[in-house]
Visitor: 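I'd like to ask you about the structure that follows.
Computed from heavy atoms alone, side chains included, the values below leave out hydrogens, waters and symmetry copies. In what follows, chains carry the letters A, B, and so on, assigned in the order in which the sequence lines appear, proteins first and then strands, with residues in each chain numbered from 1.
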Number of protein chains: 2
Amino acid sequence: MPKAGHNGKLDKSAERGLVISIPRLFLYHRGCEDALRAGDRVLTSHELASRIGRGMSPTQIRKDLSYLGSFGRRGHGYDLVVLVKKLARVLGLDRDWRIAIVGFGNLGHALATFLEFREEKFHIAAIFEEDPSLIGTTWHGVTISDTNDLEIVLPGLSCAIAIIAVPASAAQAVAERLVSSGVGAILNFAPTNLALAPEVAVRTIDLASELSILTHHLA
Amino acid sequence: MPKAGHNGKLDKSAERGLVISIPRLFLYHRGCEDALRAGDRVLTSHELASRIGRGMSPTQIRKDLSYLGSFGRRGHGYDLVVLVKKLARVLGLDRDWRIAIVGFGNLGHALATFLEFREEKFHIAAIFEEDPSLIGTTWHGVTISDTNDLEIVLPGLSCAIAIIAVPASAAQAVAERLVSSGVGAILNFAPTNLALAPEVAVRTIDLASELSILTHHLA
DNA sequence: AAATGTGAAGAGGTTCACAGCG
DNA sequence: CGCTGTGAACCTCTTCACATTT
């Protein structure tokens, strides 16, 4: 979180008590879609909680949803269509997104395949690689470009999101070039912390970190 | 405010205030190793914070480290060798780990490659697949087994950690079979919540969830 | 009666301020 | 002096209890 430099006490510009967890809203969204597919038309916070499983409590769900407005029917539950639409809007999942991938080795290729065929809302619209044997070839209709040409190729493709799947040593430079080519959000698989302007959304998935959480439990 | 005015139920006060974040300890560990490689022998909380970058504060670092005991030298800093050793012990990174992978499609293959060649402490020791054209072949010395034979093959290989890279519909069943074959921790890439005994550590990496965090920022 | 919606209490985690010690 | 170590203040998020509405 970006924290203010103030050390005083008046810095509480709080205003909105927007205490909400986006990953949790995403779980709700998926749970609702599953329920819709199962034929439900209405859903209570209890039903959603047990569908999601894990430590989700009905109270938590209601609290979260209350921040989006009150559109449940007391004594009844939530209208599933209304709810899923609301969640999709908040999450930005009410439209499609074009994604650029930089680094088309094993991991980049796997991620592209996963997204293109399992996620309707996300489309691979640009691929960049350094390996000369891949440059110029196409993958499911997308031409693989030279990473060096990123500034030339990318700006025309309106990709707001990029995935970085290059070695850690190259990640920071790639990230900066992506941002100056119009990318506003980055999903980073390189095990390094990207230092970028604060308005750029960055999410780093660090395999070693995830594994160390597991080894900690086992130790 | 006075002490704990308890009007609630059980009082689970006192005890240890073990308020510690494992992902953060992992960042410290990596930061320390980088500093060691750079030739440092001693490190202050300030130096570590600026090395990690982002919103890490020296105070947070000192607070976290204080839970591991006090082994810094006041007015001086932390002995890097001592610190990295301590962190490794807590994180369970002071030994090697054998990992089983279930699902050797694009993603499983990419993860295996990433781990085997980029992470010293983690070794792929078992691979399971359903695709008949892969069963019986080997990957860097590891024979790919039929997922159906998991209960026969896995128990002898002492893999405490498993990675699930199968479709969501198969993940829960695979997870249960892994646990009954001796696995104690699971890194799950299937977009589904695994319901397992609470003593099994589970970490789910959900690509769609990560992307939705980004789309939320952009929306 | 059944479920939502929400102020208030409670936990949990972070930051402050400074004591403690090389 | 500089930097660690830490109780206390503080802030954020979760849970409780119950008023509210269909």
Side-chain angles (χ1 to χ4, degrees), chain A residues 1-25 27-28 32 40-50 52 54-80 82-83 86, chain B residues 1-25 27-28 32 40-50 52 54-80 82-83 86:
Chain A
M1 309 329 198
K3 63 109 188 256
H6 271 46
N7 60 344
K9 349 184 83 185
L10 342 178
D11 193 282
K12 50 169 49 209
S13 51
E15 191 53 32
R16 287 219 134 295
L18 230 282
V19 189
I20 206 157
S21 148
I22 301 301
R24 222 154 51 209
L25 288 190
L27 287 181
Y28 303 165
C32 287
D40 295 356
R41 299 269 294 171
V42 72
L43 194 71
T44 68
S45 57
H46 244 94
E47 289 164 347
L48 182 54
S50 72
I52 294 174
R54 255 268 306 146
M56 281 311 313
S57 76
T59 302
Q60 177 81 79
I61 291 175
R62 290 203 302 279
K63 192 62 149 182
D64 285 338
L65 294 184
S66 78
Y67 288 113
L68 310 184
S70 51
F71 42 86
R73 285 196 8 224
R74 303 193 187 211
H76 196 243
Y78 297 89
D79 182 302
L80 251 180
V82 171
L83 181 50
K86 189 85 182 175
Chain B
M1 298 308 132
K3 286 303 288 283
H6 33 272
N7 57 344
K9 357 193 89 174
L10 7 161
D11 201 310
K12 64 164 308 177
S13 57
E15 254 331 279
R16 280 226 133 293
L18 227 283
V19 190
I20 206 158
S21 149
I22 302 302
R24 223 154 51 209
L25 288 191
L27 287 182
Y28 302 165
C32 288
D40 294 356
R41 299 269 297 169
V42 73
L43 195 72
T44 68
S45 56
H46 244 95
E47 289 165 346
L48 182 54
S50 72
I52 294 174
R54 273 277 305 144
M56 281 310 313
S57 76
T59 303
Q60 177 81 78
I61 291 175
R62 290 203 304 278
K63 190 65 150 180
D64 285 339
L65 295 183
S66 78
Y67 289 114
L68 309 183
S70 51
F71 42 86
R73 280 183 29 212
R74 304 194 186 209
H76 198 242
Y78 298 90
D79 181 303
L80 251 179
V82 172
L83 181 50
K86 189 86 183 175

Visitor: Mind calculating the distance between NZ (B:Lys63) and P (D:dG7) to the nearest angstrom?
Guide: 7 Å
Visitor: Just how far, in rounded Å, is P of C:dG13 from CD1 of B:Ile61?
Guide: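 Atom CD1 in B:Ile61 sits about 18 Å away from atom P in C:dG13.
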Visitor: To the nearest Å, how far apart are A:Gln60 CD and D:dT12 C1'?
Guide: 12 Å
Visitor: A:Asp79 has an atom CG; how far is it from atom P of D:dT21, in whole Å?
Guide: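 So the two atoms are 20 Å apart, to the nearest Å.
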Visitor: According to the side-chain hydrogen bond (donor to acceptor under 3.5 Å, both in side chains) rule, which pairs have a member within residues 40-49 of chain A, sequence neighbours left out?
Guide: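 Listed by first then second residue: A:Ser45-A:Arg62.
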Visitor: Partners of A:Val42 by side chain to side chain contact (heavy atoms under 4.5 Å, CB included), sequence neighbours excluded?
Guide: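 Applying side chain to side chain contact (heavy atoms under 4.5 Å, CB included) to A:Val42 gives A:His76.
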Visitor: Going by the rule side chain to side chain contact (heavy atoms under 4.5 Å, CB included), which residues pair with A:Gln60 if we only count those two or more places apart in sequence or in a different chain?
Guide: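 Residues passing side chain to side chain contact (heavy atoms under 4.5 Å, CB included) with A:Gln60: A:Arg24, A:Tyr28, A:Met56, A:Ser57, A:Asp64.
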Visitor: Name the residue closer to the 5' end of DNA chain D, choosing between A:Thr59 and B:Gly72 according to the nucleotide with the nearest heavy atom.
Guide: B:Gly72
Visitor: Using atom names, set out every protein N or O paired with an N or O of nucleotides 20-22 of chain C below 3.5 Å, distance rounded to 0.1 Å.
Guide:
{"unit_1": "C:dG20", "atom_1": "N3", "unit_2": "B:Arg74", "atom_2": "NH1", "d": "3.1"}

Visitor: How many Å lie between NE2 on A:His76 and P on C:dA1, as a whole number?
Guide: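 My rounded result for the distance is 18 Å.
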Visitor: Grab the CZ-P distance between A:Arg62 and D:dT20 for me, whole Å please.
Guide: 16 Å
Visitor: Can you tell me the distance, in whole Å, between the CZ atom of B:Arg24 and the C1' atom of C:dG13?
Guide: 8 Å
Visitor: Specify the separation, in whole Å, of atom CG of B:Leu65 and atom P of D:dG5.
Guide: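 Checked: the CG to P distance equals 8 Å.
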Visitor: Establish, with yes or no, whether the OP1 or OP2 oxygen of C:dT4 is under 4.0 angstrom from a side-chain nitrogen or oxygen of A:Ser45.
Guide: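 Yes, within the criterion.
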Visitor: Sequence neighbours excluded, which residues qualify as side chain to side chain contact (heavy atoms under 4.5 Å, CB included) partners of A:Asp79?
Guide: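 Once residues adjacent in sequence are excluded, the partners of A:Asp79 under the side chain to side chain contact (heavy atoms under 4.5 Å, CB included) criterion are A:Val81, A:Val82.
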